[in-house]
Every structure is written in C-alpha cells, then in structure tokens.
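What follows is a short report on a single structure.
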Amino acid sequence: MIRLAIIGAGSMAGEHAKHFGRIEGVEIVAVCDMDLAKARDFAGRYGIADVYDDLEAMLAREDIQAVSNVTPDGVHKLTSLAAIAAGKHILCEKPLATNAQDAREMAQAAQAANVINMVNFSYRDAPAIQHARALITAGAIGQVRHVDASYRQSWLVSHAWGRWDQDSQWLWRLSEAHGSKGVLGDVGVHIVDFASFPVGDITRVNCELTCFEKAPDNRIGDYQLDANDTALMRVTFANGAKGTLQATRWATGHHNSLTLSVHGDKGAIRVDLDTSRDEVQVCLDDDVHPARWSTVKAPPTASIYQRFVESMRSGVNDQPDFARGAAIQAVLDACVVSSQEDRSLAIAG
Ligand SMILES: NC(=O)c1ccc[n+]([C@@H]2O[C@H](COP(=O)([O-])OP(=O)(O)OC[C@H]3O[C@@H](n4cnc5c(N)ncnc54)[C@H](O)[C@@H]3O)[C@@H](O)[C@H]2O)c1
C-alpha cells in the first residue's frame with residue numbers, strides 16, 4: 001500500500017484526489033491546507049482521514065511515502081523542498097516554480113534525495129499527443145518545418161468557470177505579487193510542453209506578453225492585476241523547425257482549447273483536444289498533394305497519476321520529471337526577458 005498526502009485543498013486538488021483514489025494499492029491518508037476549514041471540507045468530500053494546516057507536522061509522518069503538491073505556483077518551491085527534505089516522493093503541479101533557477105534547485109534536491117519526482121503536465125495524458133510524438137519521432141512527416149500551437153481560455157470573459165473578479169483562485173493568477181507569471185506561467189507552460197514534447201526542445205524565442213486593463217487601476221482589493229493575460233511566442237526548435245505558440249485568457253468562444261499542428265516535408269499532424277483526446281488528424285503519403293486529412297485512433301495512455309505510482313513501485317522515474325519542468329521554465333524565463341527587451345533570445349541550457 002502506498003500512502004499519499006495532498007498539499008493544497010483547492011480546485012485542482014480534487015482531480016488529484018479522484019485520480020489517485022481510483023488506483024489500487026494507493027491510499028490518500030492526509031491533506032494539508034493553510035486554511036484548515038478548506039482542508040476539513042476537502043477531507044470530508046474525498047474520505048481522507050487526517051487534516052493539517054502545519055505542513056511540517058504532516059511531512060514528519062513516516063507512514064506517508066509520497067505527496068501531491070497542488071498549492072499555488074508561488075509556493076511550489078518552498079513546499080516541494082520541504083517534502084523532498086522529508087524524503088517523500090513528489091508529484092508537483094505545473095509550473096514547477098516561478099523561475100528556472102528555483103526549478104533547477106528543486107530538480108537537484110529531488111535527485112540528491114533520490115525521490116521520484118514528476119511535474120503535472122496533464123495534457124500529456126491525452127493519447128493524441130503521445131501518438132503525435134510517436135509518429136513524428138518515427139519520421140512519418142519527415143523533417144519538421146512549421147509548428148503552430150494554441151492554448152485558448154476565456155475565463156476573463158466567460159463565467160463558465162466562476163467569477164475571476166470575486167474569487168481568490170482566479171485573482172492570484174492575475175497578480176505577480178501573488179506568485180503568478182500570468183497566462184505564460186499558468187497555461188503557456190502547458191503549450192510549450194505540448195509543442196516541444198513531440199517536436200523537440202525549443203532553442204530560441206521571441207515573445208510578446210500583454211496585460212490588458214481589467215479593473216479600475218487594474219486592482220481588486222489586495223490584488224494588483226499586473227500579470228500577463230496574452231502570450232505570443234515565435235520559436236525555433238533544436239531540429240531547425242519554426243513555430244508560433246500562443247496562450248490567452250481572452251479567447252472568447254473557447255473554454256479550454258489546446259491545438260497543435262506540425263508540418264513536415266513529407267506530411268502533417270494535427271491534434272485538437274476539443275475534437276478528440278484520443279485521435280489525431282494526419283495528412284501523409286498520397287494525401288499530401290490533394291491536402292487530404294484522415295483520422296487515426298491513438299492507443300491508450302496511462303495517466304500521470306498512474307505513471308507516478310508505477311515509478312514509485314519500479315524505482316524508475318517516468319517523464320515529465322522535475323528536470324523537464326526546469327527546462328520548460330527556462331523557456332518561460334526567456335519569454336519574459338524577450339518581451340521586456342523586445343528581442344529574440346537563445347534558451348539558456
Ligand atoms: N495541470 C493542470 O492542468 C492544472 C489545472 C489547474 C491548476 N493547476 C495548478 O494547480 C495548482 C493549484 O491550483 P488551484 O486552481 O487548485 O488553486 P486554488 O487557489 O484553488 O488552490 C490552492 C490551495 O492551496 C492552498 N495553499 C496556499 N498556500 C499553501 C501552503 N503554503 N500550504 C498549504 N496549502 C496552501 C490554498 O489555501 C488553496 O486552498 C497551481 O499551481 C495551478 O497552476 C494545474
């Protein structure tokens with residue numbers, strides 16, 4: 001039996017509880033939130049025995065082997081380092097940290113402590129993206145030349161996910177002082193992984209980040225709304241391919257849409273998670289000249305929660321690990337500098 005604890009009892013933690021709760025041989029034994037009432041409510045909903053508002057006290061328990069860190073971005077480093085120091089295996093939410101230096105420290109600490117470490121780039125759980133990577137790696141589309149990828153959300157316009165101007169779970173995401181790197185850190189991190197996982201590392205970036213006016217003086221209560229809400233990236237991949245990646249919270253008409261098109265000199269692949277999580281569109285071979293597309297079913301993929309548990313059982317750390325989280329963070333750091341200085345930047349290794 002693997003005994004696991006959750007840190008942070010907010011909205012995403014529910015996904016972790018549901019997924020881990022379904023895995024045989026895993027028991028969620030404790031939850032910690034700085035807001036004890038939230039932890040109690042969460043524990044009640046998911047049948048978790050023990051609640052804490054003192055992380056060190058929870059981490060001191062020797063029967064707990066692993067933690068899922070679902071705190072806000074700005075506290076991932078502090079809370080993850082505490083868990084690693086206590087010898088716990090760790091699945092941490094994305095973005096791993098708020099800058100590459102912190103993310104590298106976390107990766108080094110996890111490696112030195114010899115604990116399983118993974119970052120929740122959750123869209124890798126879609127069979128479609130795994131299959132797109134397999135096809136591209138096998139050379140099905142030839143040399144990749146052009147990539148375009150978008151992550152479109154609309155919660156600054158649509159109330160489908162709640163009221164961004166009234167709820168702390170949205171307000172912290174709009175405020176740099178609350179540890180947010182804006183849409184770039186929140187979901188830009190996903191689209192950078194979603195494009196570079198199948199295509200290869202990004203080596204150069206030119207990025208424009210924009211923060212639109214949303215409230216009088218761009219402030220609501222304690223929250224200065226200064227974090228970017230639209231990110232436009234022009235990138236070069238290690239294989240020489242060029243691409244545009246974008247992330248926005250202003251995509252009226254979309255709730256949460258990820259798309260990726262990869263064009264090579266022999267064919268092309270499209271992934272659109274709104275259309276299907278387990279199918280890819282391909283244009284290959286004889287279909288290239290008439291530009292005809294067909295649908296291919298992708299084989300099933302284990303979720304990150306299952307892969308994390310399997311990593312603990314086998315002792316072999318699956319991907320995406322903290323080192324990958326740090327590598328993606330380096331792309332985000334370059335995006336910030338690129339936007340501030342209005343120039344292209346090579347990604348620091
Ligand atoms: N992988 C994905 O697809 C995905 C989706 C949504 C959110 N996320 C990530 O999950 C994380 C949490 O997001 P959320 O929407 O659940 O936020 P949230 O604001 O709803 O919840 C965060 C919780 O953490 C608690 N908390 C804050 N500091 C703490 C600390 N030091 N110790 C213990 N608890 C603490 C808060 O009280 C709150 O209950 C973020 O990093 C976010 O980027 C990932």
Side-chain angles (χ1 to χ4, degrees), residues 5-20 30-43 45-46 48 50-59 67-83 86 90-98 102-103 106 118-126 129 151 153 155 161-164 166-175 178-194 197 222-223 227 247 249 255-258 273 277 303-305 307-308 320 324-325 328-329 332:
I6 293 178
I7 314 172
S11 64
M12 185 60 189
E15 288 296 304
H16 289 236
K18 270 187 266 172
H19 282 275
F20 280 123
V31 56
C32 172
D33 197 293
M34 57 193 292
D35 179 339
L36 195 59
K38 253 178 128 168
R40 282 205 184 101
D41 177 60
F42 188 86
R45 254 178 298 143
Y46 295 101
I48 299 169
D50 297 321
V51 297
Y52 294 85
D53 59 2
D54 177 348
L55 181 58
E56 292 298 337
M58 185 173 83
L59 293 175
V67 296
S68 230
N69 188 350
V70 207
T71 55
D73 308 356
V75 286
H76 287 177
K77 181 186 178 189
L78 190 75
T79 46
S80 295
L81 288 180
I90 180 162
L91 170 64
C92 183
E93 265 306 338
K94 46 50 56 176
L96 185 56
T98 52
D102 285 356
M106 293 163 73
M118 293 180 75
V119 187
N120 193 15
F121 290 127
S122 43
Y123 295 100
R124 287 202 193 188
D125 290 3
I129 196 70
Y151 195 138
Q153 289 189 327
W155 54 264
W161 288 13
R163 292 294 300 258
W164 67 264
Q166 294 169 16
D167 188 339
S168 68
Q169 81 159 294
W170 303 113
L171 287 164
W172 71 253
R173 287 173 159 83
L174 298 169
S175 167
H178 289 78
S180 176
K181 291 284 177 180
V183 73
L184 179 73
D186 191 17
V187 301
V189 70
H190 277 305
I191 206 67
V192 168
D193 185 66
F194 202 68
F197 172 56
D222 287 344
Y223 297 88
R249 296 165 169 167
H255 284 150
N256 192 60
S257 302
L258 281 90
L273 296 190
R277 285 178 64 86
S303 73
I304 189 153
Y305 309 96
R307 300 201 310 277
F308 179 62
R324 170 68 179 177
I328 297 285
Q329 210 78 40
L332 304 193

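Counting convention: from 1, in listed order, for ligands and their atoms alike.
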>> Atom CG of residue position L78 - does it have more than 12 heavy atoms of other residues, nucleotides or ligands inside 6.0 Å?
In response: no

> Is the count of non-hydrogen atoms from other residues, nucleotides or ligands lying under 6.0 Å from D222 atom CG greater than 12?
Replying inline: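 Check fails, neighbour count at 12 or below.
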
> Between the side chains of S303 and H19, does any donor sit under 3.5 Å from an acceptor?
Replying inline: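 No, no side-chain donor-acceptor pair sits under 3.5 Å.
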
> Between N256 and Y151, does any side-chain donor sit less than 3.5 Å from a side-chain acceptor?
Replying inline: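 Note: N256 and Y151 side chains meet the donor-acceptor criterion.
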
Can you figure out which of [options] has its heavy atom closest to [atom]?
{"atom": "atom 9 (C) of ligand 1", "options": "H16, M58, E93", "value": "E93"}
{"atom": "atom 20 (O) of ligand 1", "options": "C92, C32, A9, S11", "value": "S11"}
{"atom": "atom 23 (C) of ligand 1", "options": "D33, L96, D167, L78", "value": "D33"}
{"atom": "atom 12 (C) of ligand 1", "options": "L171, D73, V70, D125", "value": "V70"}
{"atom": "atom 31 (N) of ligand 1", "options": "V31, N256, T79, V187", "value": "T79"}
{"atom": "atom 3 (O) of ligand 1", "options": "A82, S122, G185", "value": "S122"}

>> According to salt bridge (charged side-chain N to carboxylate O under 4.0 Å, His left out), who are the partners of R124, at least two apart in sequence or on a separate chain?
In response: D193

What do you reckon, does [X] have a nitrogen or oxygen under 3.5 Å from a nitrogen or oxygen of ligand 1?
{"X": "Y123", "value": "no"}
{"X": "M12", "value": "yes"}
{"X": "K38", "value": "yes"}
{"X": "K94", "value": "yes"}

>> Filter on salt bridge (Lys or Arg N to Asp or Glu O under 4.0 Å), then keep only pairs touching residues 71-81, sequence neighbours left out; what's left?
In response: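 Listed once each, the pairs are K77-D102, K77-E105.
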
>> Run the salt bridge (charged side-chain N to carboxylate O under 4.0 Å, His left out) test on R277 and D125 for me, step by step, so that the C-alpha distance in whole Å, both residues' side-chain angles and the decisive distance to 0.1 Å come before the verdict.
In response: CA-CA 9 Å; R277 285 178 64 86; D125 290 3; 5.7 Å; no

Would you give the length of the straight line joining atom [atom1] of [X] to atom [atom2] of [Y], rounded to the nearest 0.5 angstrom?
{"X": "M34", "Y": "D54", "atom1": "CE", "atom2": "CG", "answer": "12.0 Å"}
{"X": "L332", "Y": "L96", "atom1": "CG", "atom2": "CG", "answer": "11.0 Å"}
{"X": "M12", "Y": "I6", "atom1": "CE", "atom2": "CD1", "answer": "10.5 Å"}
{"X": "K94", "Y": "F121", "atom1": "NZ", "atom2": "CZ", "answer": "9.0 Å"}

Measure the distance from [atom] to every protein heavy atom, then report the residue, atom name and distance (to 0.1 Å) of the closest one.
{"atom": "atom 19 (O) of ligand 1", "answer": "W172 NE1, 2.8 Å"}
{"atom": "atom 15 (O) of ligand 1", "answer": "R173 NH2, 2.9 Å"}
{"atom": "atom 29 (C) of ligand 1", "answer": "M34 SD, 3.4 Å"}

> Quick one: which ligand 1 atoms are inside 4.0 Å of a heavy atom on H76?
Replying inline: 41 (O)

> Just which atoms of ligand 1 are under 4.0 Å from any heavy atom in H190?
Replying inline: 1 (N), 2 (C), 3 (O)

Please verify whether a non-hydrogen atom of [X] lies at under 4.0 Å from ligand 1.
{"X": "L55", "result": "no"}
{"X": "E15", "result": "no"}
{"X": "F121", "result": "no"}

>> Heavy atoms only, cut-off 4.0 Å: how does T71 contact ligand 1, side chain, backbone, both, or neither?
In response: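 The part of T71 near ligand 1 is both the backbone and the side chain.
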
> Parallel, tilted or perpendicular: which fits the ring planes of W155 and W170, with parallel below 30° and perpendicular above 60°?
Replying inline: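 Tilted: the ring planes of W155 and W170 meet at 30° to 60°.
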
